[in-house]
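A quick write-up on the structure given underneath.
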Amino acid sequence: MVNKNRIAILVACSICFQMGYHIMPLKVYAAYNVNGLTSAEMDLYSSHPIKAAKAKKAADAATKKTNTLYKPYCTYQGNRDAFRHAYWSALMTKKIDRAFAYDAGLAHEGLTEDYDFDKQSEDHKMDISNNYSGRKLGTKYSDLSDAKLADKVKDYCSNGNLKRIRTYTSQSPKKNKKVEVFDGINTLYVGYYVETTDGGLY
């Protein structure tokens with residue numbers, strides 16, 4: 001496993017290089033939080049610091065766009081989660097390359113290319129599948145602006161082409177242990193793929 005301080009320095013240096021700095025401002029180093037990275041991400045990003053910086057920028061853009069489109073209740077395992085993964089992968093495919101988008105998507109799940117899909121949790125399968133869809137869309141619409149690419153991913157999600165494993169429900173968590181409340185909305189973990197919808201859009 002790569003030391004977190006090392007990858008923070010490598011990625012921060014890459015960001016500074018892209019910003020035109022010849023030395024690394026402390027605020028850039030401090031802003032790159034690696035505490036949430038998996039060991040697979042640290043290994044990948046330390047080997048490709050410039051691509052890592054672009055992946056971080058794409059992740060931030062995907063999160064920001066997701067927040068403007070979807071309500072919080074479908075953040076976990078729902079339509080919002082599906083869109084965010086797909087759009088992040090689409091942006092990485094467009095701005096870096098498809099191969100790195102594939103590796104970064106797997107690394108985010110703590111996986112490498114030798115993983116066995118059938119042995120993964122439903123949560124990981126959902127993310128891996130949506131990452132794949134994002135790479136397809138990023139390849140097909142690489143000439144579009146980021147905003148129009150986001151529209152394509154949103155439509156793809158609304159039309160049932162992405163995967164989720166949690167839905168809105170009228171059931172009560174008191175009667176069903178699989179029901180959890182997010183942002184005041186009852187959601188049900190179904191435990192298998194369900195087609196995405198336009199639910200949760202503002």
Side-chain angles (χ1 to χ4, degrees), residues 11 36-38 40-45 48 50-118 120-167 190 192-202:
V11 175
L37 295 180
T38 67
E41 284 179 302
M42 289 190 284
D43 288 342
L44 175 66
Y45 292 162
H48 305 280
I50 294 178
K51 290 183 177 181
K54 293 180 179 179
K56 174 68 165 57
K57 187 175 181 179
D60 290 343
T63 298
K64 183 177 180 180
K65 189 65 176 181
T66 301
N67 291 342
T68 65
L69 291 176
Y70 289 89
K71 299 175 182 177
Y73 80 83
C74 53
T75 296
Y76 181 53
Q77 300 176 333
N79 293 325
R80 175 176 166 139
D81 197 3
F83 170 85
R84 181 174 55 83
H85 273 271
Y87 186 45
W88 178 44
S89 290
L91 285 175
M92 286 193 292
T93 299
K94 173 187 172 184
K95 296 177 178 295
I96 308 173
D97 59 65
R98 184 163 178 162
F100 188 82
Y102 171 71
D103 289 340
L106 285 182
H108 187 65
E109 306 302 320
L111 304 171
T112 54
E113 292 185 6
D114 59 351
Y115 83 105
D116 187 335
F117 182 83
D118 292 331
Q120 303 307 309
S121 67
E122 294 305 314
D123 192 26
H124 280 182
K125 288 180 181 178
M126 169 188 161
D127 292 343
I128 292 167
S129 296
N130 291 329
N131 290 343
Y132 170 68
S133 293
R135 293 194 302 276
K136 288 199 303 181
L137 293 172
T139 300
K140 184 175 181 179
Y141 300 112
S142 60
D143 58 331
L144 295 183
S145 67
D146 292 355
K148 290 185 177 179
L149 178 58
D151 287 339
K152 291 293 184 182
V153 177
K154 182 190 69 168
D155 291 344
Y156 202 75
C157 183
S158 295
N159 292 331
N161 296 306
L162 296 180
K163 306 296 183 184
R164 60 179 174 151
I165 54 178
R166 184 175 294 276
T167 64
V190 293
Y192 54 87
Y193 284 164
V194 179
E195 291 181 349
T196 48
T197 66
D198 59 0
L201 286 170
Y202 282 111

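All residue numbers refer to positions in the sequence shown, counting from 1. Everything quoted here is computed from the prediction, not taken from an experiment.
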Any chance you could measure [X], atom [atom1], to [Y], atom [atom2], to the nearest 0.5 Å?
{"X": "M92", "Y": "N131", "atom1": "CE", "atom2": "CG", "result": "6.5 Å"}
{"X": "Y102", "Y": "R135", "atom1": "OH", "atom2": "CZ", "result": "7.0 Å"}
{"X": "M126", "Y": "E109", "atom1": "CE", "atom2": "CD", "result": "9.5 Å"}
{"X": "K64", "Y": "L69", "atom1": "NZ", "atom2": "CG", "result": "12.5 Å"}

Show the numbers, then the answer: is there a side-chain contact (heavy atoms from CB on, under 4.5 Å) between Y192 and I165?
-> CA-CA 6 Å; Y192 54 87; I165 54 178; 5.9 Å; no
For [X] and [Y], which heavy atoms make the closest approach, and how far apart are they?
{"X": "L162", "Y": "Y156", "value": "CD2-CD2, 3.7 Å"}
{"X": "K65", "Y": "A150", "value": "CE-CB, 3.7 Å"}
{"X": "C74", "Y": "G199", "value": "SG-O, 4.3 Å"}
{"X": "I96", "Y": "A55", "value": "CD1-N, 3.7 Å"}
{"X": "R164", "Y": "Q77", "value": "CB-O, 3.4 Å"}
{"X": "L91", "Y": "A58", "value": "CD1-O, 3.6 Å"}

Decide side-chain contact (heavy atoms from CB on, under 4.5 Å) for R84 and T63; before the verdict, give the C-alpha distance in whole Å, the side-chain angles of both, and the deciding distance to 0.1 Å.
-> CA-CA 6 Å; R84 181 174 55 83; T63 298; 4.1 Å; yes
Return yes when atom OH of Y115 has more than 12 non-hydrogen atoms of other residues, nucleotides or ligands closer than 6.0 Å, and no otherwise.
->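 Counting other residues, nucleotides and ligands, OH of Y115 exceeds 12 neighbours.
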What I'd like to find out is whether the side chain of [X] reaches to under 4.5 Å of the side chain of [Y], using heavy atoms alone.
{"X": "H108", "Y": "E41", "result": "yes"}
{"X": "D146", "Y": "K95", "result": "yes"}
{"X": "K140", "Y": "K152", "result": "no"}
{"X": "R98", "Y": "K136", "result": "yes"}
{"X": "N161", "Y": "S133", "result": "no"}

Please confirm whether the backbone N or O of [Y] pairs with a side-chain atom of [X], one donor and one acceptor, at under 3.5 Å?
{"X": "N130", "Y": "K163", "answer": "yes"}
{"X": "W88", "Y": "A61", "answer": "no"}
{"X": "N79", "Y": "T196", "answer": "no"}
{"X": "R166", "Y": "V190", "answer": "no"}
{"X": "T38", "Y": "A107", "answer": "yes"}

Side chains of R80 and T75, donor plus acceptor under 3.5 Å |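 There is such a pair between these side chains.
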Would you call the rings of Y87 and F83 parallel, tilted or perpendicular, where under 30° means parallel and over 60° means perpendicular?
->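 Aromatic pair Y87/F83 classed parallel.
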Assess whether side chain to side chain donor-acceptor pair (under 3.5 Å) is satisfied between D123 and S121, documenting all intermediate values.
-> CA-CA 5 Å; D123 192 26; S121 67; 5.3 Å; no
Which of these passes side chain to side chain contact (heavy atoms under 4.5 Å, CB included) with L106: L44, T112, L111, D114?
->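 Testing L106 for a side chain to side chain contact (heavy atoms under 4.5 Å, CB included) against L44, T112, L111, D114 leaves exactly one candidate, L111.
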Please assess K57 against D60 for the test salt bridge (charged side-chain N to carboxylate O under 4.0 Å, His left out), listing each intermediate value before the final yes or no.
-> CA-CA 5 Å; K57 187 175 181 179; D60 290 343; over 6 Å; no
Yes or no on side-chain contact (heavy atoms from CB on, under 4.5 Å) for Y70 and K154, after CA distance, side-chain angles and deciding distance?
-> CA-CA 10 Å; Y70 289 89; K154 182 190 69 168; 3.9 Å; yes
Mind checking what makes salt bridge (charged side-chain N to carboxylate O under 4.0 Å, His left out) contact with D97, not counting sequence neighbours?
->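 With neighbours one apart ignored, the set is K51.
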Apply the test side-chain contact (heavy atoms from CB on, under 4.5 Å) to residues Y45 and K56: give CA-CA distance (whole Å), side-chain angles for both, the deciding distance (0.1 Å), then the verdict.
-> CA-CA 10 Å; Y45 292 162; K56 174 68 165 57; over 6 Å; no
